[in-house]
Visitor: 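This is the structure, below, for whatever I ask next.
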Amino acid sequence: MLKAIIADDEPAILKGLRGIVQWEDYGIEIAGQACNGIEALQLIEREQAAILITDIQMPEMSGLSLIKEAKRKGYPIRSIILSGYDDFEYVKEAMQLGIENYLLKPIVRDELCSTLMNLVEKINQDLDRQNQLRSDSLILRNNILNRWLTNHISPAHLRERSDLLQIDLNAGQYLVCLFKILYERHHNSSHRELINFASENICNEVLNRHGKVITFCDMNSHVVALFDDTTELGPGPIRALLTECAATINKLLKCDVFITVGNRERSCDEVHSSYALAVELMNYSLLMPPNSIVDHEQIAKESFVNNERIHLDDERFQQALAEKNQDEAWRYIDDVFGRIVHSGEAPLLRAYPLVMDMLYRILNALRQIKVDAGTLFDIQDTVFIHLMRAKSLEELQSWLKTIVAKAIDKMNAADENWNPMIKRVLIYLDAHYAENVSLKTLSLAFNVNAAYLGQLFIKEKSETFSSYLNTMRIEKAIGLLTETNLELHEIAEKVGYANQSYFNIIFKKLTGLYPSKYRLDARHAAPRES
């Protein structure tokens, strides 16, 4: 309802105006009445009224002075003047103030009704325009934020837009956290949209009590919380804030959530790394109980401890999955469980975190080729609960092998759906990745337009050709770093980089470490021969 104030120094006029029309029929509520301009101004401020109906002549402050003062104070009020005088000078001055109409007393009901109809229509049109502007601004803001998180915006363009986003690009630290709403089956698309909107508002309200936090929804319908160093970014304080958000969403929306925490970055240009890691950690939502918080630092620490204790070779397992080699993946599982048996007491308990780590890598392998892992586990409860119910190592080992077989079946099915041209290109790249390969050379080799091939590659692989080629080359380089004593410039050349400096940059971008540091860490982590 739109609020209206009536101002007139004649009580009979005030009473008559209340009863002359059914104000509710026009979506108007009479929020107050005054007998002079000063009282009316106070009512406008207190009630945040949208409409003023005022006599032109009143004691202490006239109707014209009232309108002038309300406009001077910035109140978005629309006014109708009432007067017993058909005076041209009054009318002229009133029109200059932008009034909606000048009505002579006694008020003609039909004329007032017509004025109210036009006035309400104008106000609603203004509200629609304002809402559209806000919506357009929000869409633009979210578009820029999503481009920032996915590294699809140049630093110069981001800085140009920083005022619009109201973000500090010179903060000392950044952190991305994601909230995945775990919808119920009865939630349709409109319900989910409303729940996401409400969850974003809840997170915004909770988190901004403790610092400046940007909240919005990404393209995967996750609620994003982007922290800078105005908030204490230590693991403890962050976990407390995220727990409060989850509890509030649980209470108000009756929904569970799953939360991931990326790595802490010291530059706005590296925020995309924190986001990418938080997205990757969402794989754990299929493995862990609802309302869990998965922190990159915690997972990395636990993984390192477990790998050191059992001496796991994660890369061997990942390679088997990438090559869809079920026999090798099963042999790896057998090796791991064999080591668990000989590692000491409580082998089943020791197995849980290691199985979780392998499940995560299975899910990540599916995610990288854009395969939905939702049907991988044909169980009603969470994988975490399934693991806890396992009665023996043999049962757990057999179940994990079944999951690997299902995952590889899904990968093979996805391969069959690829475009034949892309299949040929991938086979070619596997053999020629170390050569001077580009879209141009491929277009000549396969007699196809380079631009079309680039677009087809993005459509089929969900990444650019150059991104895919760099990832392949760096994966090959990792094998050479850990398995040979070749110099770095030799490795760079063998995987297709003529320039070692460029090789170093790409390697650091994809792995987080420079090649020399990666090799050093790998050698320190290798098990010593007894």
Visitor: When you look at CE of Met1, are more than 12 heavy atoms from neighbouring residues, nucleotides or ligands closer to it than 6.0 Å?
Guide: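 Yes, because the 6.0 Å sphere around CE of Met1 holds more than 12 heavy atoms from other groups.
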Visitor: When you measure from the side chain of Asn250 to the backbone of Cys255, do you find a donor-acceptor pair of N or O atoms at a distance under 3.5 Å?
Guide: yes
Visitor: Thr260 side chain to Ala278 main-chain N or O, any donor-acceptor pair under 3.5 Å?
Guide: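 Answer holds: yes.
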Visitor: Which heavy-atom pair separates Ala407 from Leu366 by the least distance, and what is that distance?
Guide: O-CD2, 3.8 Å
Visitor: Less than 3.5 Å apart, which donor and acceptor atoms pair up between the side chains of residues 58-68 and the rest of the protein, not counting sequence neighbours?
Guide:
| from | atom 1 | to | atom 2 | distance (Å) |
| --- | --- | --- | --- | --- |
| Ser62 | OG | Ser65 | N | 3.1 |
| Ser62 | OG | Ser65 | OG | 3.1 |
| Lys68 | NZ | Glu93 | OE2 | 3.0 |

Visitor: For atom CD of Glu47, is the number of surrounding heavy atoms from other residues, nucleotides or ligands below 6.0 Å larger than 12?
Guide: yes
Visitor: Looking at residues at least two apart in the chain, or sitting in another chain, which of them share a ring-ring contact (aromatic ring centres under 6.0 Å, His included) with Tyr26?
Guide: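 Tyr26 satisfies ring-ring contact (aromatic ring centres under 6.0 Å, His included) with no residue once adjacent residues are dropped.
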Visitor: With sequence neighbours left out, what residues match Glu265 under side-chain hydrogen bond (donor to acceptor under 3.5 Å, both in side chains)?
Guide: Asn263
Visitor: Side chain of Asn208, backbone of Val213: donor and acceptor closer than 3.5 Å?
Guide: yes
Visitor: So how far is it from Phe216 CZ to Asn204 CG, rounded to the nearest 0.5 Å?
Guide: 12.0 Å
Visitor: Between Asn101 (side chain only) and Leu103 (backbone N and O only), is there a donor and an acceptor less than 3.5 Å apart?
Guide: no
Visitor: Please give me the minimum heavy-atom distance between Leu453 and Met421, naming the atom from each residue.
Guide: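 Nearest pair, atom of Leu453 first, then Met421: CD1-CG, 4.0 Å.
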Visitor: So, does Glu10 use its side chain to make a donor-acceptor pair with the main chain of Ala12 at under 3.5 Å?
Guide: no
Visitor: Distance-only, no hydrogens or angles: does the Tyr174 side chain make a donor-acceptor pair with backbone N or O of Leu169 under 3.5 Å?
Guide: yes
Visitor: Roughly how far apart are Leu112 CG and Leu17 CG, rounded to 0.5 Å?
Guide: 7.0 Å
Visitor: Taking all heavy atoms of Leu253 and all of Ser199, pick out the closest pair and write down the distance.
Guide: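 That would be CD1-OG, 3.3 Å.
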Visitor: For Leu233, is there any backbone N or O sitting under 3.5 Å from a side-chain donor or acceptor partner on Arg264?
Guide: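 Yes: the side chain of Arg264 pairs with the backbone of Leu233.
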Visitor: Would you call Val294 and Val261 a side-chain contact if the rule is heavy atoms closer than 4.5 Å?
Guide: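 The answer is no, as the side chains (C-beta and beyond) never meet within the 4.5 Å cut-off.
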Visitor: When you measure from the side chain of Ser285 to the backbone of Met282, do you find a donor-acceptor pair of N or O atoms at a distance under 3.5 Å?
Guide: yes
Visitor: Do any N or O atoms from the side chain of Asp9 and from the backbone of Cys35 form a donor-acceptor pair under 3.5 angstrom?
Guide: no
